[in-house]
2 protein chains.
Amino acid sequence: MAVDQLSNTFAALADPTRRAILARLAHGEATVGELAAPFSMSVQAVSKHLKVLERAGLITRGRAAQQRPARLRGRPLEDAANWLERYRQFWEGSFDRLSDHLREIQKDNAHD
Amino acid sequence: MAVDQLSNTFAALADPTRRAILARLAHGEATVGELAAPFSMSVQAVSKHLKVLERAGLITRGRAAQQRPARLRGRPLEDAANWLERYRQFWEGSFDRLSDHLREIQKDNAHD
DNA sequence: TGGTTGTTTAACCAGTGGGTTGAATTTACC
DNA sequence: GGTAAATTCAACCCACTGGTTAAACAACCA
């Protein structure tokens, strides 16, 4: 997988199970077991999903006895939203100044 | 890969080459050759990236003589942005009503 | 008709993703 | 110390990604 943070974030979001996990975590932290319960999949598989989310910075893990509760981190979501926001004028249908706008915000901002 | 549209969109965005292609297309439609030029990669590889973007609905292809110019479609970007928008209150740090909010918008909205 | 340009298809390769099962690890409880 | 619970690690499977090169296809030009 690509190494840049934004790519990791989008890749992490590109799976319905992981998006459901994030939705669950928005209500508060949860253990692996709790997160796995709604899915017809092994707890090990969920543990792998959590590792993907952790690598993307979308969650942090704590420790409480044997459990390692996961907690949502919003920052990468914000970064992803900001990236998409650049295109808002585009999907809203007014392309007039978008070209200039993009040229400007990408000046010191490589390909992404 | 997951079959749902949102997963396809996020997966398509999870690659810096493809994001750069979208940025280029925001300035106007472009042919495969034009899109490939800035990259140190074969034109065939770019053609594959375009197929991924097309599958995600992020571009449409036209036809003009031998060329098949690509054009950006904003709709899936909007859908992705809307998905992220649910978490805005979260990354802005006010979690107060988020739980209720999520519960509400997800009532008729399966896991995603 | 044949050649050139633009693009896609096919076959291949190494790496990764998402899942499985089974074993190991960590921590609490008695 | 022994056992049970929560989690991770390891090995494996199969499908897909992102790239390559070589060949095929499509459309224009002379």
Side-chain angles (χ1 to χ4, degrees), chain A residues 1-22 24-25 28-71 111-112, chain B residues 1-22 24-25 28-71 111-112:
Chain A
M1 160 162 343
V3 287
D4 63 295
Q5 188 57 38
L6 198 49
S7 294
N8 280 335
T9 300
F10 281 131
L13 296 178
D15 183 287
T17 301
R18 286 193 292 263
R19 292 199 302 278
I21 288 174
L22 293 180
R24 167 66 185 79
L25 290 177
E29 60 178 33
T31 68
V32 177
E34 289 165 350
L35 290 171
F39 300 104
S40 56
M41 126 182 12
S42 68
V43 76
Q44 291 97 318
V46 171
S47 182
K48 280 192 180 183
H49 281 302
L50 292 180
K51 198 151 42 173
V52 173
L53 292 169
E54 192 172 15
R55 181 175 50 167
L58 285 163
I59 65 170
T60 56
R61 312 290 306 270
R63 183 169 290 284
Q66 305 101 312
Q67 288 108 322
R68 304 212 39 220
R71 169 191 299 268
H111 305 297
D112 61 339
Chain B
M1 162 162 341
V3 288
D4 64 295
Q5 188 57 37
L6 199 50
S7 294
N8 280 334
T9 300
F10 280 130
L13 295 178
D15 182 289
T17 301
R18 286 194 291 264
R19 291 198 302 277
I21 289 174
L22 292 180
R24 166 66 184 80
L25 290 177
E29 59 178 35
T31 68
V32 177
E34 288 166 351
L35 290 171
F39 299 104
S40 57
M41 131 182 6
S42 69
V43 75
Q44 292 97 318
V46 171
S47 182
K48 279 193 181 182
H49 281 302
L50 292 180
K51 199 151 41 173
V52 173
L53 291 169
E54 192 173 13
R55 182 176 48 168
L58 284 163
I59 64 169
T60 56
R61 311 293 305 271
R63 182 170 290 284
Q66 305 101 312
Q67 286 109 323
R68 307 212 38 219
R71 169 191 298 267
H111 304 297
D112 60 337

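A note on names: the letters A, B, ... follow the listed sequences, proteins ahead of strands, and every chain is numbered from 1.
- Look at CD1 on Ile21(A): it is 12 Å from C1' on dG18(C), rounded to the nearest Å.
- Atom C1' of nucleotide dG17(C) and atom CZ of Phe10(B) are separated by 18 Å, given to the nearest angstrom.
- Look at CD on Gln67(A): it is 12 Å from C1' on dT26(C), rounded to the nearest Å.
- Rounded to whole Å, atom C1' of dG18(D) lies 15 Å from atom CG of Asp4(A).
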Nucleotide-resolved protein contact map, nucleotides 24-30 of chain D, B/S/- at heavy-atom distance under 4.0 Å: ---BS--
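- Put simply, Arg68(A) has no side-chain N or O that comes within less than 4.0 Å of OP1 or OP2 on dA6(D).
- Considering all non-hydrogen atoms of both residues, Ala11(B) and Ala14(A) come closest at N-CB, 3.4 Å.
- If you measure from atom CG of Asp15(B) to atom P of dT16(C), you get 14 Å, rounded to the nearest angstrom.
- For Arg19(B) (side chain) and Leu13(B) (main-chain N/O), a donor-acceptor pair under 3.5 Å exists by modelled atom type.
- Between Leu50(A) atom CG and dG19(C) atom C1' the separation is 15 Å, expressed in whole Å.
- Of the residues in residues 40-49 of chain B, Met41(B), Ser42(B), Gln44(B), Ala45(B), Lys48(B), His49(B) come within less than 4.0 Å of DNA chain D through at least one heavy atom, sorted by number.
- In this structure, Arg18(A) and Ala12(A) approach most closely via the heavy-atom pair NE-O, 2.8 Å.
- Nucleotide dG17(C) holds its P atom 14 Å from the CG atom of Leu13(A), rounded to whole Å.
- Residues forming a side chain to side chain contact (heavy atoms under 4.5 Å, CB included) with Glu54(A) (at least two apart in sequence, or on another chain): Ile59(A), Arg61(A).
- At the phosphate of dG17(C), OP1 or OP2 sits under 4.0 Å from a side-chain N or O atom of Arg55(A).
- Every residue meeting the salt bridge (charged side-chain N to carboxylate O under 4.0 Å, His left out) condition with Arg71(B), not counting sequence neighbours, appears here in chain and number order: Glu29(B).
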Using atom types as modelled, flag every donor-acceptor pair under 3.5 Å from a side chain in residues 31-46 of chain B to any protein atom, sequence neighbours excluded.
residue: Thr31(B); atom: OG1; partner: Glu34(B); partner atom: N; Å: 3.2
residue: Glu34(B); atom: OE1; partner: Thr31(B); partner atom: N; Å: 2.9
residue: Ser42(B); atom: OG; partner: Ala45(B); partner atom: N; Å: 3.1

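- Applying the side chain to side chain donor-acceptor pair (under 3.5 Å) test to Gln67(A) and every residue at least two apart in sequence or in another chain returns nothing.
- Going from atom CZ of Arg19(B) over to atom P of dG18(D) covers 12 Å, rounded to whole Å.
- Scanning all heavy atoms of the two residues, the minimum distance from Ala56(B) to Asn8(B) falls at CB-O, 3.7 Å.
- Residues meeting the side chain to side chain donor-acceptor pair (under 3.5 Å) test with Arg68(A), sequence neighbours left out: none.
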